[in-house]
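Residue numbers begin at 1 in each chain, while the letters A, B, ... track the order of the sequences. For the numbers below, each heavy atom of this structure counts, side chains included, while hydrogens, waters and symmetry mates do not.
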Protein chains: 2
Amino acid sequence: MTNIHDIARLSGYSVSTVSRVINHQKYVADDKRAKVEKIMHDLDYVPNRVARDLSKGQTKTIGVVLPYANHPYFARVIDGIVTAAFEAGYKITLLPTNYDMTIERQYLDQLRSKAYDGLIFTSRSSQLETLERYRKYGQIVCCEDPGEGRPLAAAYTDRLASFVSALTWAKQHGYRKMGVVLSRNNVISASTRMTRQAYEQVFGHLDDRDLFTGAVKYEDGYRAGGYFSQLQLAEDAIFANGDDIAAGVQQYYLDHGLAPIPVIGQENLLSSRLLKFSTIDHHLEALGQAAFRLATGQSTTHELIKSEFIKR
Amino acid sequence: MTNIHDIARLSGYSVSTVSRVINHQKYVADDKRAKVEKIMHDLDYVPNRVARDLSKGQTKTIGVVLPYANHPYFARVIDGIVTAAFEAGYKITLLPTNYDMTIERQYLDQLRSKAYDGLIFTSRSSQLETLERYRKYGQIVCCEDPGEGRPLAAAYTDRLASFVSALTWAKQHGYRKMGVVLSRNNVISASTRMTRQAYEQVFGHLDDRDLFTGAVKYEDGYRAGGYFSQLQLAEDAIFANGDDIAAGVQQYYLDHGLAPIPVIGQENLLSSRLLKFSTIDHHLEALGQAAFRLATGQSTTHELIKSEFIKR
DNA sequence: ATAATTTATGAAACCGGTCCCAGGTCAACC
DNA sequence: GGTTGACCTGGGACCGGTTTCATAAATTAT
């Protein structure tokens, strides 16, 4: 494989000069530039990207940590990230964790090893403190509100506000009690925390029996439908952590000849449009774009993306 | 930032020995190994990934070329690729092209520059010959049947067979003529070629007026619905290049009070389950996994993934 | 006891670039 | 005429690892 030294030798000039030509720097005489370019072209030479990255100490690559690749939530965020990265000439590497802390730690160590210039945590299992500890090895962006004074860049949606307005709207519609579907029932998940908080603000105490957890996709929603319909707790409606999940709930009631149950979903996916139920659009592409911008910067700014409650 | 030379100096041993410890090679005395490990641990040392990549001449990274990131077809393929890559300890970089040949070429040049060990083309705009020319710089996998004797690895679904069986089934159901929705109406797109071929095999000549092109997502399907409904060509049903698109077609008819139109979609997405129309599941995760395996191998094998027609 | 292996270690070349710095030319300016 | 500064060029350290090779000690085989 031909390298910069070959080009230098063949052109009769120095490696420095060739490097200047490659990088379109000034202070190269026109004739020499032309000659070097011709030789590079004739030899079909392309500079080695890895060598450049090593020398420069940066890879122009951002790692995106996410639990699973094929999930509409993350697909939308990734879309935003990839779009912004493409425009900025950055590459995006996908880092699936399946919510395994050990694997998250591996990715943090890869950041230390200079494999990425920065990391975006679209979701996390590790403590915020852990992420902060790795902050010195590169930019780290999280997609939730880390709280005031945290030395982490963050892009997040105003979940609480949108949840409150959605639930308030539901209450005004006469729903006395709602069932809630969540993914992870733990304190790490910002979505879970905000949902509980909004629920209690609007409806009061959230009984654990009105809660179905572990829902990630349609089938889980379907199971949640089974759960809520068998329960005799008389939820008037269901607030789900995703449109596909909400669709699953509704479908269960439909399949079993039960009275249709109103649902509110999230993400404004196709399913909510087809079944015409209300949803919250968190503008995840914008979230992804903001996260990317933060990942390439130095600041620890917090950026808020407005969520939008869509009544149907 | 501490490097391998620091560890060598502090431990009193040579860089070679430290390297052996890092890579768990044999021929290091137990006591020295322990001492080196202790020092690495104390200094919180992590070997630089880029330096290793440069030295080894491989990055353990596969680039995935795709038109757009947020599309259910590619999301499923990516899911398969990422899953397989994770297990194999490889990284996946997303390379969006928006079907721009110039950009595809850039990614091919990045392969030359050793930025990736291999490239997977989930879709392409360039000629196959172009891809083949870059074959010598790394493994290249395409997701379509490149034909016999082509020096390219390939993983693809038996589109033609599944299309024929779907259309045959439709014909047996009494549909005399079907409208067809496609994304790109050109000879590069394998999906387009196979669709035309299957249609002509089952229904005979495909009139251009029965064809709606440029459909990528739900809204495009909706527009296609408008097109077909206004046309007085009496298509009995629509064969679409994706479930979400098929759903759009149906939704248009529904919204405008027209008689429901049967549709056949593709990918077995949620929309087809919710609206209960037939679809073809191309098992895209399996496709992605196969593509990844090929990308890390040396062979130019062709791997066929069976598609499945799901009648509803 | 000697030959043949296996084990252990370090020096140094190598991967392929970037970039600082030193040195030289030449026109402009005071 | 001397200083200044822009322009041009090359040497070589540097980024941080891997790997080949030479050397030597410790085992094992004959």
For nucleotides 10-12 of chain C, which of its nitrogen or oxygen atoms have a protein nitrogen or oxygen under 3.5 Å away, and what is each distance?
from   : atom 1 : to      : atom 2 : distance (Å)
C:dG10 : OP2    : B:Ser14 : N      : 3.0
C:dG10 : OP2    : B:Ser14 : OG     : 3.0
C:dG10 : OP2    : B:Thr17 : OG1    : 2.5
C:dG10 : O6     : B:Arg20 : NH2    : 2.8
C:dA11 : N7     : B:Ser16 : OG     : 3.3
C:dA11 : N6     : B:Ser16 : OG     : 2.8

Can you tell me the distance, in whole Å, between the [atom1] atom of [X] and the [atom2] atom of [N]?
X       : N      : atom1 : atom2 : answer
A:Met1  : C:dG16 : CE    : C1'   : 12 Å
A:Arg9  : C:dG16 : CZ    : C1'   : 14 Å
B:Lys56 : C:dG16 : NZ    : P     : 16 Å

Please work out if A:Lys26 contacts a base, only the sugar-phosphate, or nothing of the nucleic acid, heavy-atom cut-off 4.0 Å.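 Counting heavy atoms under 4.0 Å across all strands, the contact made by A:Lys26 is with sugar-phosphate only.
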Under 4.0 Å between any heavy atoms, over every strand shown, what does A:Asp53 touch: base, sugar-phosphate, or nothing? Just pick one.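 The residue A:Asp53 makes no contact with any strand.
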If you assign each of B:Leu54 and A:Gln25 to its closest nucleotide in DNA chain C, which residue comes earlier from the 5' end? B:Leu54
Determine, for B:Glu129 against B:Arg150, whether the closest basic-nitrogen to carboxylate-oxygen distance falls under 4.0 angstrom.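 Result for this pair is yes, salt bridge flagged.
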Please determine whether the number of non-hydrogen atoms from other residues, nucleotides or ligands lying under 6.0 Å from atom CG of B:Asp30 exceeds 12. no
I would like to know whether A:Ser123 and A:Tyr99 meet side-chain hydrogen bond (donor to acceptor under 3.5 Å, both in side chains); could you show each step before the answer? CA-CA 8 Å; A:Ser123 186; A:Tyr99 283 126; 3.2 Å; yes
Indicate whether OP1 or OP2 belonging to C:dC15 is found under 4.0 Å from a side-chain N or O atom of A:Asn48.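 The answer is no; no side-chain N or O of A:Asn48 sits under 4.0 Å from OP1 or OP2.
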Covered region of DNA chain D, 5' end to 3' end, by chain B [heavy atoms, under 4.0 Å]: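 Extent of the interface on DNA chain D: D:dG16 to D:dT19.
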